[in-house]
Amino acid sequence: MSRIFVTGGSGRLGRSVVAGLAGAGHKVISVDRDAVPAEYLPAGAEQYTADLLAPGEAERLIRETAPDAVIHLAAIAVPFSAPEDVIFSTNTRLAYAVVSAATDAGVPKIVTASSPTALGYGSPAGWLPPSFPLDEQTPPKPWNAYALSKLIAEQTVQMFAAAQGEKIRYAAFRPCYVISPEEWEGALTQQGHTVRERLDNPALSAPAQFNYVDARDVADFLDVLLDKMDSIPNGEVFFVGAKDALATAPLAELFPRFLPGSGPLTKHLTGTSPAFSIDKARELLGWEPERTWRTELTPPYEGPDTAASEQAALNDEIHAGLVPAGATKETP
């Protein structure tokens with residue numbers, strides 16, 4: 001059992017991370033500006049309310065709680081939901097404050113959340129990657145303050161890893177479009193529509209490239225990552241997503257509708273495999289997502305599913321992807 005300090009623990013992703021890590025037997029210290037009602041706090045977790053941008057606050061709390069690991073999730077989580085300079089300043093300062101404080105306190109394992117948006121899809125100027133599926137080698141080209149702030153969060157842990165050598169272990173992860181447990185049952189996603197509506201109308205999922213991940217699978221990934229950090233290279237970045245896409249039609253058919261000029265890059269794609277490869281997490285960590293929309297949606301999806309018979313779409317060895325054209329305010 002470890003003591004794990006989680007910033008942003010009251011957020012959409014944070015609540016599932018806190019619950020998942022506590023359920024795995026860890027002692028979790030959840031820190032956020034807002035508290036969740038006490039009855040929703042899982043056994044094995046405690047919470048603190050704090051402004052981590054206040055001078056010395058992150059360091060004070062980390063030293064007071066003496067964690068074995070820090071997971072930094074706190075941020076302005078939606079592009080364009082605040083002025084660009086506010087998003088950039090808030091997110092980069094939070095990442096530096098938390099990672100720096102944890103490093104100074106000698107916390108042995110430090111992880112920060114990033115975002116797939118760092119790759120730059122959805123740019124109003126147009127965007128095409130070198131190849132599909134997208135992975136950790138795809139060049140980042142952020143075009144807004146949110147995406148840039150997340151790339152800088154990655155670079156922040158890598159900077160500290162370069163300075164610390166092997167004394168402290170660091171990592172970053174890029175969670176795909178997060179779906180929390182209640183959203184499978186009809187609660188609205190952060191864009192104000194339901195998961196079922198995203199399946200029925202491809203235009204709703206296109207801004208996130210039809211990628212998604214169950215928040216509980218992210219918690220499972222973090223549990224595995226913390227366990228394996230001593231045995232992998234320091235400062236690694238991982239995509240974390242589901243094993244399929246949030247789409248009922250083959251992605252090879254959807255690509256041309258939402259990404260002009262992508263035909264030559266996507267004509268080989270099969271079924272509804274995801275846009276982002278999670279092979280790195282599989283190979284370095286042995287992690288595998290457990291949940292897909294076909295297993296979690298309540299009640300099960302009953303609309304036309306032209307890819308349902310393609311069981312290869314869920315085959316670990318087949319990959320595909322999709323990115324939309326045009327600007328987006330959506331966070332994967």
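Not measured: the values here are computed from a predicted model. The chain is numbered in sequence order, starting from 1.
For Glu154 and Arg174, the salt-bridge test passes: some basic side-chain N is under 4.0 Å from an acidic carboxylate O. Ion pair Arg15/Glu182 flagged as a salt bridge, since at least one NZ, NE, NH1 or NH2 atom sits closer than 4.0 Å to an Asp/Glu carboxylate oxygen. Salt-bridge check for Asp217 with Arg291: passed, with a basic side-chain N closer than 4.0 Å to an acidic carboxylate O. Ion pairing between a basic and an acidic side chain is recognised when a charged N comes within 4.0 Å of a carboxylate O; Glu236 and Lys228 show no such pairing.
Side-chain atoms of Trp143 do not come within 3.5 Å of backbone N or O of Leu119 as any donor-acceptor pair. A side-chain donor-acceptor contact under 3.5 Å links Thr189 to the backbone of His193. In this structure, the side chain of Ser10 does not engage the main chain of Asp32 through any donor-acceptor pair within 3.5 Å. Not a single donor-acceptor pair under 3.5 Å links the side chain of Ser115 to the backbone N or O of Ala118. Under a 3.5 Å cut-off, the side chain of Ser16 and the backbone N or O of Leu13 do not form any donor-acceptor pair. Proximity of a side-chain donor or acceptor of Glu136 to a complementary backbone N or O of Phe238 within less than 3.5 Å is not detected. Side chain of Thr194 to backbone of Gly186: no donor-acceptor contact under 3.5 angstrom is found. Within the 3.5 Å criterion, the main-chain N or O of Val178 finds a donor-acceptor partner in the side chain of Arg12. A distance-only check finds no donor-acceptor pair linking the side chain of Asn211 to the backbone of Gly241 [under 3.5 Å].
In summary, the side chains of Asp244 and Tyr212 do present a donor paired with an acceptor at a separation below 3.5 Å, with no hydrogens or angles considered. With no hydrogens or angles considered, no side-chain donor-acceptor pair links Ser81 and Tyr146 at under 3.5 Å. Side-chain atoms of Thr298 and Glu185 include no donor-acceptor pair closer than 3.5 Å. Under the 3.5 Å distance criterion, with hydrogens and angles disregarded, no donor-acceptor pair is assigned to the side chains of Thr248 and Asp305. In summary, the side chains of Tyr177 and Ser205 do not present any donor paired with an acceptor at a separation below 3.5 Å, with no hydrogens or angles considered. Side chains of Asp214 and Trp293: no donor on one and acceptor on the other come within 3.5 Å.
Follow the hydrophobic side-chain contacts under 4.5 Å out from Leu254 and you reach Leu134 in the same cluster.
Listed by first and then second residue, the salt bridge (charged side-chain N to carboxylate O under 4.0 Å, His left out) pairs involving residues 81-103 amount to none (not counting sequence neighbours).
Using a 4.5 Å heavy-atom threshold, the side chains of Pro133 and Phe276 count as separate.
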- Item | Worked check of side-chain contact (heavy atoms from CB on, under 4.5 Å) between Ile71 and Lys109 | CA-CA 9 Å; Ile71 297 173; Lys109 299 178 181 181; over 6 Å; no
- Query: Checking side-chain contact (heavy atoms from CB on, under 4.5 Å) for the pair Arg196/Leu297: CA distance, chi angles, key distance, verdict?
  - Reply: CA-CA 8 Å; Arg196 198 172 299 271; Leu297 195 62; 3.5 Å; yes
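Remark: Trp184 CH2 to Arg216 CZ distance equals 8.5 Å, nearest 0.5 Å. To the nearest 0.5 angstrom, Ile4 atom CD1 is 8.0 Å from Asp68 atom CG. From Leu284, atom CG reaches atom CE of Met229 across 12.5 Å, with rounding to the nearest 0.5 Å. The distance from atom CG of Asp223 to atom NE2 of His26, rounded to the nearest 0.5 Å, is 3.5 Å.
Taking the six-membered ring where tryptophan is involved, the planes of Tyr170 and Phe160 are essentially parallel, since the angle between them stays under 30° and well short of 60°.
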